[in-house]
Amino acid sequence: MPESLPRHGNDHDMYRNHSGDPRRWDGRYHSSTLSNASIHDFAILEYRNTIGGRVWSTDFGQDKHGEPYVIEFGANWRSYMASGQVEQAHKHGLKNTPDNVSSVLTYDETGYNDYQHLLDAFGDLKSIAFRAAGQMLLDNIQDSNARTGFAMAGWNPPRNDMKAQAVEWWDWASPEASSFIFGVAAENLTFNQFGEDNHMVVDPRGYSTIIEREASTFLHKEVQDRRLWLNTQVTDIEYSRNGVKITNNDGSCITAAYAICTFSLGVLQNDVVQFHPALPTWKQTAIQKFSMGTYTKIFLQFDETFWPSDTQFFLYASPNTRGYYPIFQSLSKHDFMPGSNILFVTVVDEQAYRVERQPDEQTKEEILSVLREMFPEKHISDPTAFVYPRWSYEPWAYGSYSNWPVGTTLEMHQNLRANVDRLWFAGEATSAAYFGFLHGAWFEGREAGQQIAAMLQDECAHASNDVACGDRTHYDVLHGTTPIDAYTGINGWPVNSTDL
């Protein structure tokens, strides 16, 4: 078995924009960082037959010449002006165009219905809520979920106000499930540092072009580099203070001084890889504490553009179900895929899990019913092409992006990113500042590579504006905020639970 530095390519990393949408980029910069540090004895293990992970494109439909379009199941947006990401997009000529979130029309089950005023109202109250979340972080106030934060800012519509629910969904899909403080912090840190622009990638080569081109700077180009192991499924990881051993489902294995585990949070939570010894309790708890969301884009191509061709987004308020095919985006516009007659609709969480469990035909008929409600004056025929991924079923992902639950502390997150002996961890989920964002994966991959490269050279690394030497900090025991002597009748606790 060769002596090398493996990492498994399951960090299919995502980002969210200000609408709460998970949008993606992969953070494969561990090996590039090692190569830049003159460390060339490494291996990259990829589950699929290509690099890119959750940066995943596919052919779809056809243009007037019979050639397919390229759509992105995963990463679809270039994130703002994030350091490195924009540089790589420019370097490799990645075709992209900015989204215009103000180009939106609103609908319900009766057709066009103007409730733009609700979008404006939520935008104003959201700004108030975000300032409050930032102050809570500064003052070390106990966390709440985003639902509570919005209510305290003045946004508390009835659950049966479906137009308000649709507007809220577009800005924050799952407020009950998300940390108010850290969810807001991730957005604020991103927007305040990198700017407001969201650029949608519409490159016919696919978004993964960036990853492939960057990999070509340190992998051999003419023949497949023997350090890149494609179609390789890791089944077991043995680790200690002396090194690691990676075993694959075909019986092959690699030993190494260090390994960087970039499995998605979903893969770690589904126990599809066995660790020897079992990961310590503090690590397992952190893995299970965070959540893995699912974000599904469903693509349809029609024989005509029956929707307003000058509008980018179409928001639908279901009369019964929040998040039921709520937002459609046109790709048929200028600078996207003009003349393509392609729409895609986004669903997340429970609605995404539901459509993943049902046949394509049922999903297609549901969407057509919604579109016929939105455009009752139009004759809408069946789409000529239809496709969507099933993220929660993909064994190399088991979901789309990580989420920070309410009441989860920075120390708990540090346990998620901390190494265990010679086994290190990276990916968007391990980024405290940018979890769920693609540039979080980029920064985390770079930092893990820098720290390991430094240790291999008996040096300290300069990471995140600090000097990092040796192992990352972790917390064996994390205590709550309420001491045992506070469990009294005065605080509504009339029984002694320790004597029961």
Side-chain angles (χ1 to χ4, degrees), residues 14-23 79-82 101 118-157 159 164-198 265 286 289-293 295 322-323 348-349 401-417 428-440 443-444 464 478 480-482:
M14 311 263 175
Y15 81 84
R16 291 186 315 278
N17 78 341
H18 63 283
S19 302
D21 305 339
R23 312 196 175 171
S79 177
Y80 325 108
M81 297 298 292
V101 294
L118 292 175
L119 286 166
D120 297 336
F122 185 81
D124 293 340
L125 292 170
K126 180 183 173 184
S127 297
I128 297 172
F130 274 34
R131 287 194 295 270
Q135 194 62 49
M136 290 170 68
L137 178 64
L138 291 174
D139 294 341
N140 194 27
I141 303 300
Q142 286 188 20
D143 195 12
S144 63
N145 62 19
R147 168 70 64 211
T148 303
F150 292 143
M152 295 304 294
W155 176 265
N156 194 21
R159 296 302 174 93
Q165 295 298 326
V167 165
E168 180 187 87
W169 184 97
W170 198 26
D171 269 284
W172 201 301
S174 304
E176 288 84 4
S178 301
S179 164
F180 183 44
I181 290 177
F182 289 100
V184 170
E187 290 196 21
N188 279 344
L189 287 167
T190 289
F191 281 106
N192 291 340
Q193 291 180 81
F194 306 135
E196 291 287 338
D197 290 338
N198 262 337
L265 181 65
K289 178 68 173 178
F290 290 83
S291 58
M292 190 71 175
Y295 174 99
R322 184 183 187 276
V348 301
D349 297 338
Y401 66 104
S402 67
N403 188 46
W404 195 305
V406 61
T408 304
T409 64
L410 184 63
E411 292 89 347
M412 180 62 77
H413 183 269
Q414 179 61 19
N415 279 356
L416 180 65
R417 72 190 297 267
E428 55 86 12
T430 69
S431 174
Y434 313 112
F435 68 92
F437 285 90
L438 60 90
H439 46 275
F443 289 128
E444 282 294 290
S464 300
L478 288 172
T481 59
T482 305

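Counting begins at 1 with the first residue of the sequence. Here the structure is a predicted model, which means the values were calculated and not measured. Below, all heavy atoms of this structure are taken into account, side chains as well, without hydrogens, waters or symmetry copies.
Across all their heavy atoms, Ile181 and Ala133 have their closest contact at CG1-O, 4.2 Å. Contact record, Val348 with Trp169: CG2-NE1, 3.7 Å, taken as the closest heavy-atom pair. The two residues Ala186 and Phe435 come nearest to each other via the heavy atoms CB-CE2, 3.7 Å. Contact detail for Ser144 and Met136: the closest heavy-atom pair is OG-CE, 4.3 Å.
The side chain to side chain donor-acceptor pair (under 3.5 Å) test applied to Ser174 returns Asp349, not counting sequence neighbours. Thr148 is linked by a side chain to side chain donor-acceptor pair (under 3.5 Å) to Asn145, counting only residues two or more places apart in sequence or in another chain. Taking the side chain to side chain donor-acceptor pair (under 3.5 Å) definition, one finds that Ser179 meets it with Asp143, sequence neighbours left out. The side chain to side chain donor-acceptor pair (under 3.5 Å) search around Asn140 returns none, not counting sequence neighbours. A search for ring pair (Phe, Tyr, Trp, His ring centres under 6.0 Å) contacts involving Phe180 returns nothing, not counting sequence neighbours.
Ring-centre distance between Phe122 and Trp170: not below the 6.0 Å cut-off.
Within the structure, salt bridge (Lys or Arg N to Asp or Glu O under 4.0 Å) pairs that include any residue of residues 147-157 comprise Arg147-Glu168, Arg147-Glu176 (at least two apart or interchain).
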*Output, in order, the C-alpha distance, side-chain angles, deciding distance and verdict of side-chain contact (heavy atoms from CB on, under 4.5 Å) for Trp155 and Lys126.*
CA-CA 8 Å; Trp155 176 265; Lys126 180 183 173 184; over 6 Å; no

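Side chains of Trp404 and Ser178 form no contact here, defined as non-hydrogen atoms less than 4.5 Å apart.
Going from atom OG1 of Thr409 over to atom CZ of Phe182 covers 7.0 Å, rounded to the nearest 0.5 Å. Atom CG of Asn156 is separated from atom CG of Leu125 by 10.5 Å, given to the nearest 0.5 angstrom. Rounding to the nearest 0.5 Å places CG of Leu118 at 10.5 Å from CD of Gln165. Atoms CG and CG, on Leu410 and Leu416 in that order, are 11.5 Å from each other to the nearest 0.5 Å. Here Leu478 contributes atom CG and Glu411 contributes atom CD; the two are 6.5 Å apart, rounded to the nearest 0.5 Å.
Remark: the backbone N or O of Ala429 is paired with a side-chain donor or acceptor of His413 at under 3.5 angstrom. Checking side-chain atoms of Glu428 against main-chain N and O of Gly436 turns up a donor-acceptor pair under 3.5 Å.
Ring geometry, Tyr434 versus Phe443: the interplanar angle falls from 30° to 60°, so the pair is classed tilted. Under the 30°/60° scheme for interplanar angles, the aromatic rings of Trp172 and Phe130 are found to stand perpendicular.
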